[in-house]
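To keep things clear, I will list the structure first and then write my remarks on it.
If you're wondering where the values come from, they're calculated on a predicted model, not measured in any experiment. Start at 1 and go down the list; that is how both ligands and their atoms are numbered.
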Amino acid sequence: MTGTHAEQPQRLQHLLTLAGLPQSTLVGLLERAADLRVPPGEPVRQHDLLGGKTVVNLFFEPSTRTRASFELAARRLGAEVLTLDMAFSSTAKGESPLDTFYTLQAMNTDLFVVRHREPGVPQTLAQHALPQVHVVSAGEAHVSHPTQGLLDVFTIRQHKKNFDGLAVAIIGDIRYSRVARSAVQALRMLGTRDIRYAGPAELLPEDLEGERFTNPDKAIAGADVVMMLRIQKERMQAGLFPDEHDYFRRYGLDAARLKLAKRDAIVMHPGPMNRGVEIAPEVADGPQSVIREQVTNGVAVRMAVLATLLQR
Ligand code: CP
């Protein structure tokens with residue numbers, strides 16, 4: 001099977017996007033993650049669910065959170081992990097992602113975690129995977145970041161009872177954001193209809209359904225969830241990025257702006273954060289912030305994905 005998703009969780013072959021994933025599969029992954037989650041400060045549990053399996057991390061783009069959490073997730077499930085250092089791999093000599101994949105697949109590996117700045121790379125690798133080999137996207141250009149979408153809704157579910165009545169404000173560079181696309185796919189699948197976007201007009205999405213504002217105050221007013229996004233300078237043409245101080249004044253989340261949201265609103269950010277550009281430190285570290293919870297939950301969600309794909 002080379003398709004992206006199958007009908008049942010146990011038949012999931014690859015995880016390349018949340019688009020088209022059956023709702024039961026998404027909920028099954030969230031429930032499995034809840035079983036595997038270890039709260040901060042508690043001793044981690046070592047499982048042997050994936051003994052004998054090898055997970056390969058292929059990050060052709062930089063990462064801290066996603067790479068580290070996939071590596072910890074695989075190790076905590078008992079898998080062997082190979083994380084290629086791209087700067088010292090044959091990628092630096094011009095080897096293509098597909099040839100790198102073929103090479104490591106020939107070493108009897110089982111699952112590839114792939115991040116690439118070009119759209120379509122995880123799909124191409126999945127199309128060339130042996131039947132027993134799995135591919136998981138760890139971030140595909142501006143298109144998709146499925147495990148980030150899962151950990152975002154997992155985190156929201158810890159704080160909010162229902163998805164259908166939620167108002168979610170997504171603020172910042174949405175046009176270039178794979179995080180926003182995957183979060184919106186997961187939220188819509190779980191029943192959230194009220195999704196608002198705010199940012200500079202040139203960074204607002206054309207392909208996402210929802211209300212758009214250039215004034216973030218209008219999007220944040222009455223919101224249950226405020227998701228701040230990083231300005232992705234690496235995906236913009238040089239010179240397009242506005243002045244950072246001006247950006248913060250117009251779009252950044254400070255304590256005064258957050259007061260427009262509901263009193264029990266939560267503040268999210270996928271990281272890495274530009275403090276003082278899209279979010280004020282007192283908000284990032286404040287009582288409504290769930291940013292570090294997102295990181296904790298990222299390990300559990302990735303454990304759930306690896307266990308679901310690799311356990312037959
Ligand atoms: N949220 C996220 O993808 O962070 P990293 O780039 O550090 O993996």
Side-chain angles (χ1 to χ4, degrees), residues 15-18 29 33 37 40 55-76 81-87 97 111-119 121-122 135-156 158 168 170-187 199 203 225-236 253 266-275 277-279 283-285 289-306:
L15 184 64
L16 308 178
T17 173
L18 297 181
L29 288 168
R37 182 179 182 274
V55 171
V56 182
N57 275 330
L58 282 183
F59 281 70
F60 297 94
E61 253 193 350
S63 166
T64 295
R65 279 145 285 270
T66 313
R67 196 178 101 164
S69 58
F70 266 113
E71 184 158 339
L72 289 174
R75 287 194 200 287
R76 288 175 187 176
V81 184
L82 174 67
T83 298
L84 218 60
D85 184 341
M86 288 307 175
L111 185 145
F112 288 78
V113 179
V114 181
R115 172 175 287 193
H116 204 284
R117 71 195 309 273
E118 296 296 330
V121 171
V135 177
V136 177
S137 168
E140 176 196 353
H142 63 284
V143 176
S144 183
H145 194 344
T147 56
Q148 180 72 44
L150 288 171
L151 79 86
D152 286 342
V153 291
F154 184 96
T155 305
I156 293 170
Q158 285 184 315
V168 178
I170 305 180
I171 316 291
D173 173 5
I174 300 157
R175 177 182 291 263
Y176 295 99
S177 178
R178 57 193 175 207
V179 171
R181 284 179 180 74
S182 289
V184 169
Q185 285 160 359
L187 284 164
L203 297 181
V225 176
V226 183
M227 185 182 290
M228 301 307 295
L229 297 176
R230 184 175 69 88
I231 290 286
Q232 302 194 52
K233 297 179 200 172
E234 72 275 21
R235 297 190 211 287
M236 292 179 187
L253 187 64
I266 57 170
V267 175
M268 307 180 74
H269 193 304
M273 284 185 278
N274 296 305
R275 289 172 181 258
V277 179
E278 67 259 0
I279 190 164
V283 173
D285 303 323
S289 170
V290 297
I291 295 169
R292 282 192 275 275
E293 287 175 48
Q294 289 174 268
V295 177
T296 300
N297 296 339
V299 178
V301 159
R302 285 158 184 141
M303 287 174 83
V305 168
L306 295 178

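Ser144 and Arg178 share no donor-acceptor pair across their side chains, judged by distance under 3.5 Å alone. Counting only N and O atoms by type, the side chains of Thr83 and Glu71 include a donor and acceptor under 3.5 Å apart. For the residue pair Asn297 and Glu293, no side-chain donor N or O sits within less than 3.5 Å of a side-chain acceptor on the partner.
The contact shell of ligand 1, taken as protein residues with any non-hydrogen atom closer than 4.0 angstrom, comprises Ser63, Thr64, Arg65, Thr66, Arg115, His145, Gln148, Pro270, Gly271.
Listed by chain and residue number, nothing satisfies the side-chain hydrogen bond (donor to acceptor under 3.5 Å, both in side chains) test with Arg67 (two or more places apart in sequence, or in another chain). By the side-chain contact (heavy atoms from CB on, under 4.5 Å) test, Arg76 is found to be paired with Val44, Gln46, Leu72, Val299, Met303, residues two or more places apart in sequence or in another chain being considered. Under the ring-ring contact (aromatic ring centres under 6.0 Å, His included) criterion, Phe154 pairs with no residue, sequence neighbours left out.
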